[in-house]
2 protein chains.
Amino acid sequence: MGRNPEKNQKTREDRRTQILTASLRLFSARGLSATKVTDIAAAVGISQGLVYHYFGSKEEIYIALIAGAFERLNGAARELEALAIVPRDKIKMALGGLLKDLVENEDAARTQLLLSQATASEAIPDAARKLMERENRKLYAVIASIMRAGQEDGDLLDHDADQLAILFWSTIKGLAFHRVVQGAGFKAPPVAMLMRLFLEEIPRPHG
Amino acid sequence: MGRNPEKNQKTREDRRTQILTASLRLFSARGLSATKVTDIAAAVGISQGLVYHYFGSKEEIYIALIAGAFERLNGAARELEALAIVPRDKIKMALGGLLKDLVENEDAARTQLLLSQATASEAIPDAARKLMERENRKLYAVIASIMRAGQEDGDLLDHDADQLAILFWSTIKGLAFHRVVQGAGFKAPPVAMLMRLFLEEIPRPHG
DNA sequence: GTCTATATCCAGATAGAC
DNA sequence: GTCTATCTGGATATAGAC
């Protein structure tokens with residue numbers, strides 16, 4: 001919009017996205033403090049100083065990544081809750097969607113890794129910690145609440161719903177971890193297999 | 001042995017252990033690079049310089065922790081393999097033992113966390129990476145091999161054994177993560193629940 | 001064995017030219 | 001918008017006194 005067409009300079013948003021993408025790769029692989037701004041600049045192909053034209057600090061990039069991740073995840077969670085299907089199928093869909101994302105999109109896996117690391121880390125910016133504690137809680141609560149509903153239906157296993165939610169996310173985090181380590185060769189387990197953790201009755205596949 | 005009894009100075013081994021213990025706590029919570037040698041010294045209650053009397057560098061401490069962890073895990077794996085019980089029960093025992101350790105011993109959980117982080121990290125010393133790649137492979141192989149044996153018995157689920165091993169360790173890693181985040185309040189899921197992931201036939205508990 | 005300097009390096013962030 | 005140069009702080013590791 002109103003921009004000189006022959007300049008090959010990137011627009012502000014493009015550059016920010018480039019920086020965020022490169023940073024996700026680096027932060028998830030090395031952690032916040034082992035990632036140098038120089039590394040980010042090099043990955044994008046710009047000078048180190050230029051990074052500060054787009055973000056106030058390295059931590060600001062980190063926070064932006066975390067915030068973006070939660071926005072997407074919470075959006076998906078809200079959509080899931082709104083669906084007119086039975087709780088058991090919501091769990092199946094959530095699991096399936098997350099797994100599919102993990103397999104098809106390395107960045108999705110890296111994002112999960114980043115969130116896990118951030119949750120467990122004492123060495124993240126205060127703003128990030130605040131964000132995490134609040135938003136993470138929501139994600140667990142959504143799953144726990146679906147679990148409870150599924151238990152009333154008699155479809156889902158009759159155990160503490162919060163623990164089931166923990167198991168749900170543990171599994172996702174654990175698999176995201178392997179996805180990143182293994183790279184493209186990663187094969188996700190079939191959703192039906194993971195559903196065994198949560199279903200009251202396991203459907204018999206053979207015969 | 002032949003040491004002056006009235007000195008309250010620590011023996012070399014005691015100090016090394018103190019440093020290792022404090023470092024496990026810090027490395028697992030902040031990562032290698034965000035942990036300052038000053039932090040370690042402060043946690044132990046000694047001067048920063050003294051740390052270098054016991055270890056050549058920060059990374060040397062890190063490597064010692066990783067190596068120690070694998071020694072213990074591989075020891076347990078070898079014992080497990082040697083047991084005269086059916087494969088299905090070996091899996092149950094491995095799961096139960098790891099879980100019990102996780103719950104009762106925060107350091108065990110932190111050790112798992114450290115190994116996970118190290119596996120996924122590009123920012124670890126070369127010596128540590130070499131170690132990891134070799135030893136980690138062994139741990140997965142042990143579980144995969146037990147899975148295969150259990151499949152021949154018809155006890156364990158008929159899926160790719162390597163994938164089952166990944167699922168096995170994913171679950172442990174995911175739960176170790178939660179254990180560390182949640183602290184002492186953490187409750188592990190019952191082993192029987194996790195066994196649902198691997199058993200061909202799920203025993204019916206109620207009725 | 002332990003501590004207090006301190007040398008050295010390196011990374012984050014800023015300034016100013018183009 | 002982009003780069004190069006630089007300021008500044010902080011962390012690793014060493015040296016040397018006690």
Side-chain angles (χ1 to χ4, degrees), chain A residues 1-23 26-27 29-65 121-128, chain B residues 1-23 26-27 29-65 121-128:
Chain A
M1 25 155 70
R3 286 206 124 309
N4 197 331
E6 72 261 34
K7 69 157 65 85
N8 56 358
Q9 279 147 21
K10 295 275 187 174
T11 74
R12 189 160 182 89
E13 269 315 301
D14 285 346
R15 272 275 188 252
R16 281 182 61 99
T17 305
Q18 271 188 307
I19 293 173
L20 287 171
T21 306
S23 299
L26 290 163
F27 287 150
R30 309 183 185 177
L32 173 58
S33 101
T35 301
K36 314 303 169 204
V37 176
T38 311
D39 302 333
I40 299 174
V44 177
I46 60 182
S47 74
Q48 185 253 22
L50 189 54
V51 172
Y52 290 92
H53 195 72
Y54 294 95
F55 291 91
S57 67
K58 188 174 73 166
E59 319 214 315
E60 205 179 295
I61 303 176
Y62 190 82
I63 294 168
L65 281 172
S121 173
E122 281 177 5
I124 60 171
D126 255 13
Chain B
M1 24 154 75
R3 288 207 121 311
N4 197 333
E6 71 260 35
K7 70 157 63 84
N8 56 359
Q9 278 148 21
K10 297 275 187 174
T11 74
R12 188 161 183 89
E13 270 316 301
D14 285 346
R15 272 275 188 252
R16 281 182 60 100
T17 305
Q18 271 188 307
I19 292 174
L20 287 171
T21 305
S23 298
L26 290 163
F27 286 151
R30 309 183 185 176
L32 173 58
S33 101
T35 301
K36 311 306 170 201
V37 176
T38 311
D39 302 333
I40 299 174
V44 177
I46 59 181
S47 75
Q48 184 255 22
L50 189 54
V51 172
Y52 289 91
H53 195 71
Y54 294 94
F55 291 91
S57 67
K58 188 173 71 166
E59 319 215 314
E60 205 179 295
I61 302 176
Y62 189 82
I63 294 169
L65 281 172
S121 173
E122 281 177 6
I124 60 172
D126 255 13

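Convention: sequence-line order gives letters A, B, ...; per-chain numbering from 1.
- Phosphate proximity of dT2(D) to His53(A): absent, as no side-chain N or O sits under 4.0 Å from OP1 or OP2.
- Residue Ser33(B) is out of contact with every strand shown, counting any heavy-atom pair closer than 4.0 Å.
- Both Arg12(B) and Gly49(B) lie close to DNA chain C; mapped to their nearest nucleotides by heavy-atom distance, the more 5′-ward contact belongs to Arg12(B).
- Taking CG of Leu20(A) as the reference point, atom CZ of Phe27(A) lies at 9.0 Å (rounded to 0.5 Å).
- Distances were taken from every side-chain heavy atom of Ser47(A) (C-beta onward) to each of dA11(C), dT4(D), dT2(C); the shortest belongs to dT4(D).
- Rounded to an integer number of Å, the gap from CD1 of Ile40(A) to P of dT2(D) is 16 Å.
- The interatomic distance linking Asp39(B) (CG) with dT12(D) (C1') rounds to 13 Å, in whole Å.
- Between Tyr54(B) and dG1(C) there is a side-chain polar atom (N or O) within less than 4.0 angstrom of OP1 or OP2.
- Rounded to whole angstrom, the span from the CD1 atom of Ile19(B) across to the P atom of dA13(D) amounts to 13 Å.
- One can place CD1 of Ile61(A) at 12 Å from C1' of dA13(C), the figure rounded to the nearest angstrom.
- Residue Leu26(A) forms a side chain to side chain contact (heavy atoms under 4.5 Å, CB included) with just one option from Ile61(A), Ile40(A), Leu32(A), and that option is Ile40(A).
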Using the rule given for side-chain contact (heavy atoms from CB on, under 4.5 Å), can you reason through Tyr62(B) versus Thr35(B), listing the C-alpha separation, both sets of side-chain angles and the distance that settles it, and then say yes or no? CA-CA 11 Å; Tyr62(B) 189 82; Thr35(B) 301; over 6 Å; no
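- Atom-to-atom, CD1 of Ile46(B) to P of dT2(C) comes out at 7 Å; the value is rounded to the nearest Å.
- The phosphate of dT14(C) (OP1 or OP2) has no side-chain N or O of Tyr52(A) nearer than 4.0 angstrom.
- Following rounding to the nearest Å, Tyr62(A) (OH) and dA11(C) (P) show an atom-to-atom distance of 19 Å.
- For dG12(C), the OP1/OP2 oxygens have a side-chain nitrogen or oxygen of Lys58(A) closer than 4.0 Å.
- Protein atom CD of Glu60(A) is 15 Å distant from nucleotide atom P of dG12(C), rounded to whole Å.
- Comparing atom distances between the Arg15(A) side chain and each of dA11(C), dT2(D), dT2(C) picks out dT2(D) as nearest.
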side-chain contact (heavy atoms from CB on, under 4.5 Å) assessment of Leu50(B) paired with Val44(B): CA-CA 11 Å; Leu50(B) 189 54; Val44(B) 177; over 6 Å; no
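- Atom C1' of nucleotide dG1(C) and atom CD of Gln48(B) are separated by 16 Å, given to the nearest angstrom.
- Out of dG12(C), dT2(C), dT14(D), the shortest distance to the side chain of Leu50(B) is found at dT2(C).
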Run the side-chain contact (heavy atoms from CB on, under 4.5 Å) check on Arg15(B) and Ile46(B) step by step: do they pass? CA-CA 10 Å; Arg15(B) 272 275 188 252; Ile46(B) 59 181; 3.7 Å; yes
